[in-house]
Trainee: 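Below you'll find the structure I mean.
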Amino acid sequence: MIRRHFFLVVALAAVVLMVVIGGWKLAFADKEAKGAGGGGRATNVSQAVVGEQAFTDRIEVLGAAKGRQSVTITSNTPELITSVHFSDGQAVTRGQVLVTLKADQEDAGISEAKARLAQAERDYTRWKTLADKGIAPRATAEQYLSALEVAKASVGTAQAQKLDRVLRAPFSGRVGISDVAPGMLIAAGTPIVSLDDASVIRVDFSVPDRYLSTLRVGLPIAARPDALPGETFQGTIAQIDTRIDPATRAIKARAEFPNAGGRLKPGMLVKVAIDQGVRNAPAVPEAAVQFEGNQASVYRIAKGPKGMVARRTDVDTGITQNGFVEIRGGLKAGDKIVADGLNRIQDGAPVGGGKGGQGGGDKKGEGKKSEGQKNEGKAG
């Protein structure tokens with residue numbers, strides 16, 4: 001009986017102790033919360049001052065590169081290849097023979113046509129002489145003259161058929177990789193080798209019609225291929241289409257880029273950019289901006305009851321360039337903001353830390369926005 005009462009007393013004491021500890025923890029947490037929102041210990045943060053930055057208004061679109069002239073050499077008839085006159089990647093000139101096809105029948109046809117032409121010439125000469133002497137009718141001589149003209153045309157036709165068995169380069173350029181070889185039988189339309197004139201690269205692209213007043217022939221344009229990161233090629237707009245696509249409300253333009261070094265290849269995905277002008281505008285570091293949906297905000301440093309505090313401020317953002325975000329509204333030049341580490345503070349929290357110039361602080365802070373957030377902050 002005594003042992004039972006002893007255990008009851010111990011259990012009751014344990015319960016009372018747990019209640020006391022729980023209450024103490026709640027009171028301590030409430031005190032911390034009050035201290036954090038009402039002038040408790042300040043959080044050290046990197047600060048930046050809103051200043052002006054130069055922003056370039058730029059139109060950026062994607063396009064595919066292609067050579068000034070590009071073609072795939074094919075045969076218009078099924079035939080055996082007798083000889084190949086090029087090597088992979090070779091530079092060729094206009095009119096240079098690339099492939100020769102078997103032409104035995106064509107050679108025979110030319111010989112036959114020439115023999116008929118020779119006979120037609122003899123017949124016409126004889127009947128013309130007789131007609132001039134009055135021995136034969138003039139009409140008969142004219143008939144043989146017509147036969148002579150037909151024989152000449154037959155020779156031209158036979159020679160043209162043989163030319164179809166000799167494939168030549170239609171323009172100067174560089175051939176690609178080919179798998180053809182002598183003795184191979186090819187079908188009509190079978191690709192033999194590609195030929196590109198890549199001395200000048202063309203890029204066709206479309207831009208919204210609202211930029212029509214900006215486009216003009218000769219306007220400088222820059223190209224940045226995805227396959228060559230960090231490289232920029234300078235060119236000009238060569239042509240602007242005469243019509244606007246009624247479905248997309250966009251107009252097509254063509255830019256040309258000199259390619260003496262051959263760095264640009266037909267088929268490359270290229271980002272082309274047209275600069276419209278440079279302007280100065282208030283800006284803040286990218287890491288200082290938070291996005292929630294389409295709304296951007298920063299923490300502006302302002303005076304509080306017991307010192308400096310961080311005030312969440314909604315801002316209207318523009319484009320993003322060189323690590324800075326354009327501010328169209330919500331801040332003014334000279335305002336101080338929290339530069340990074342936005343996840344460590346909340347609205348109204350006391351802050352401290354060293355002063356920094358525009359862009360001061362580590363841009364690798366945890367408050368840096370994602371790529372998707374950057375795009376949402378750009379001007380349309």
Side-chain angles (χ1 to χ4, degrees), residues 66-200 202 238-239 242 266:
K66 59 183 180 181
R68 180 163 55 183
Q69 297 183 87
S70 298
V71 70
T72 299
I73 306 298
T74 61
S75 171
N76 60 0
T77 182
E79 194 53 86
L80 285 172
I81 295 177
T82 58
S83 57
V84 177
H85 305 277
F86 67 89
S87 57
D88 295 345
Q90 177 184 343
V92 298
T93 58
R94 180 180 180 181
Q96 180 175 332
V97 177
L98 300 178
V99 174
T100 303
L101 305 178
K102 186 178 180 180
D104 293 348
Q105 291 183 352
E106 287 69 28
D107 290 337
I110 291 175
S111 298
E112 182 181 354
K114 287 183 176 179
R116 290 178 178 178
L117 175 61
Q119 182 60 44
E121 288 177 343
R122 289 192 295 269
D123 291 343
Y124 172 68
T125 300
R126 183 171 65 254
W127 284 99
K128 182 178 183 300
T129 301
L130 293 175
D132 291 342
K133 293 179 179 180
I135 300 175
R138 177 65 61 181
T140 303
E142 291 177 352
Q143 289 178 355
Y144 280 98
L145 176 60
S146 297
L148 174 61
E149 297 297 333
V150 171
K152 289 181 179 179
S154 297
V155 172
T157 300
Q159 291 175 338
Q161 289 176 346
K162 183 177 181 179
L163 289 177
D164 289 341
R165 268 52 179 181
V166 180
L167 306 182
R168 300 175 181 270
F171 53 83
S172 298
R174 190 174 296 275
V175 296
I177 297 175
S178 176
D179 295 326
V180 298
M184 179 182 292
L185 176 63
I186 60 172
T190 300
I192 296 175
V193 69
S194 62
L195 175 63
D196 295 292
D197 176 8
S199 59
V200 172
R202 290 177 171 174
Q239 296 292 336
T242 57

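Just so you know, residue 1 is the first one in the sequence shown, and it goes up from there.
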Trainee: In Å and rounded to the nearest 0.5 Å, what is the OG1 to NZ distance from Thr140 to Lys128?
Mentor: 14.5 Å

Trainee: With heavy-atom distances below 4.5 Å as the criterion, would you say the side chains of Ser172 and Val92 are in contact?
Mentor: no

Trainee: Applying ring pair (Phe, Tyr, Trp, His ring centres under 6.0 Å), which residue pairs with at least one partner in residues 152-187 are found, sequence neighbours left out?
Mentor: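 Applying ring pair (Phe, Tyr, Trp, His ring centres under 6.0 Å) to every pair that reaches into residues 152-187, excluding sequence neighbours, yields nothing.
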
Trainee: Test side-chain contact (heavy atoms from CB on, under 4.5 Å) on Tyr144 and Thr125; report intermediate values, then the result.
Mentor: CA-CA 9 Å; Tyr144 280 98; Thr125 300; over 6 Å; no

Trainee: What are the two closest heavy atoms between Ala120 and Ala147, and how far apart are they?
Mentor: CB-O, 4.1 Å

Trainee: Check the pair Thr129 / Trp127 against side-chain contact (heavy atoms from CB on, under 4.5 Å), numbers first and verdict last.
Mentor: CA-CA 5 Å; Thr129 301; Trp127 284 99; over 6 Å; no

Trainee: At what distance, to the nearest 0.5 angstrom, does NZ of Lys114 lie from OG of Ser111?
Mentor: 7.0 Å

Trainee: If I compare all heavy atoms of Ala158 with all of Ala113, which pair ends up nearest, and what's the gap?
Mentor: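 Taking every non-hydrogen atom into account, CB-CB, 4.3 Å.
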
Trainee: How about CZ on Arg126, more than 12 heavy atoms from neighbouring residues, nucleotides or ligands closer than 6.0 Å, or not?
Mentor: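 Above 12, so yes.
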
Trainee: Looking at side-chain heavy atoms only, is the closest gap between Ile73 and Leu98 below 4.5 Å?
Mentor: yes

Trainee: Is there side-chain contact between Lys102 and Arg165, with at least one heavy-atom pair below 4.5 Å?
Mentor: no

Trainee: Are more than 12 heavy atoms from other residues, nucleotides or ligands located less than 6.0 Å from atom CD of Gln96?
Mentor: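 Enclosed: over 12 neighbouring heavy atoms sit under 6.0 Å from CD of Gln96.
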
Trainee: Using side-chain heavy atoms (C-beta onward) and a distance below 4.5 Å, is Ile81 in contact with Ile186?
Mentor: yes

Trainee: Check this for me, if you would: do Arg138 and Glu142 make a salt bridge, where the nitrogen-to-carboxylate-oxygen distance has to be below 4.0 angstrom?
Mentor: no

Trainee: Working to the nearest 0.5 angstrom, can you tell me the gap between Leu101 CG and Asn76 CG?
Mentor: 9.0 Å

Trainee: Compare all side-chain heavy atoms of Val155 with those of Gln159 and state whether any distance is below 4.5 angstrom.
Mentor: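 The answer is yes; the side chains approach within 4.5 Å.
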
Trainee: Ignoring hydrogens and angles, tell me if any N or O in the side chain of Asp88 forms a donor-acceptor pair with the backbone of Ser178 under 3.5 Å.
Mentor: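 Checking the backbone N and O of Ser178 against the side chain of Asp88, a donor-acceptor pair under 3.5 Å is found.
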
Trainee: Answer whether the closest heavy-atom distance between the side chains of Arg174 and Leu195 falls below 4.5 Å.
Mentor: no

Trainee: Would one find more than 12 heavy atoms of other residues, nucleotides or ligands at under 6.0 Å from atom CD1 of Ile177?
Mentor: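 Counting neighbours around CD1 of Ile177, 12 or fewer heavy atoms of other residues, nucleotides or ligands fall under 6.0 Å, so no.
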
Trainee: Any non-hydrogen side-chain atom of Thr74 less than 4.5 Å from a side-chain atom of Ile192?
Mentor: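 Thr74 does not reach Ile192 side chain to side chain.
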
Trainee: Identify the two heavy atoms, one from Thr82 and one from Pro182, that lie closest to each other, and give their separation to 0.1 Å.
Mentor: O-CB, 3.6 Å

Trainee: With the side chain counted from C-beta on, respond yes when Arg116 and Ser154 share a heavy-atom pair under 4.5 Å apart, and no when they do not.
Mentor: no

Trainee: Would you check, one step at a time, whether the test side-chain contact (heavy atoms from CB on, under 4.5 Å) holds for His85 with Thr100?
Mentor: CA-CA 8 Å; His85 305 277; Thr100 303; 2.9 Å; yes

Trainee: I need the Gln143 CD to Leu148 CG distance, nearest 0.5 Å.
Mentor: 14.0 Å

Trainee: Enter the distance from Gln69:CD to Arg202:CZ here, rounded to the nearest 0.5 Å.
Mentor: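 Taking CD in Gln69 and CZ in Arg202, the distance rounds to 7.5 Å.
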
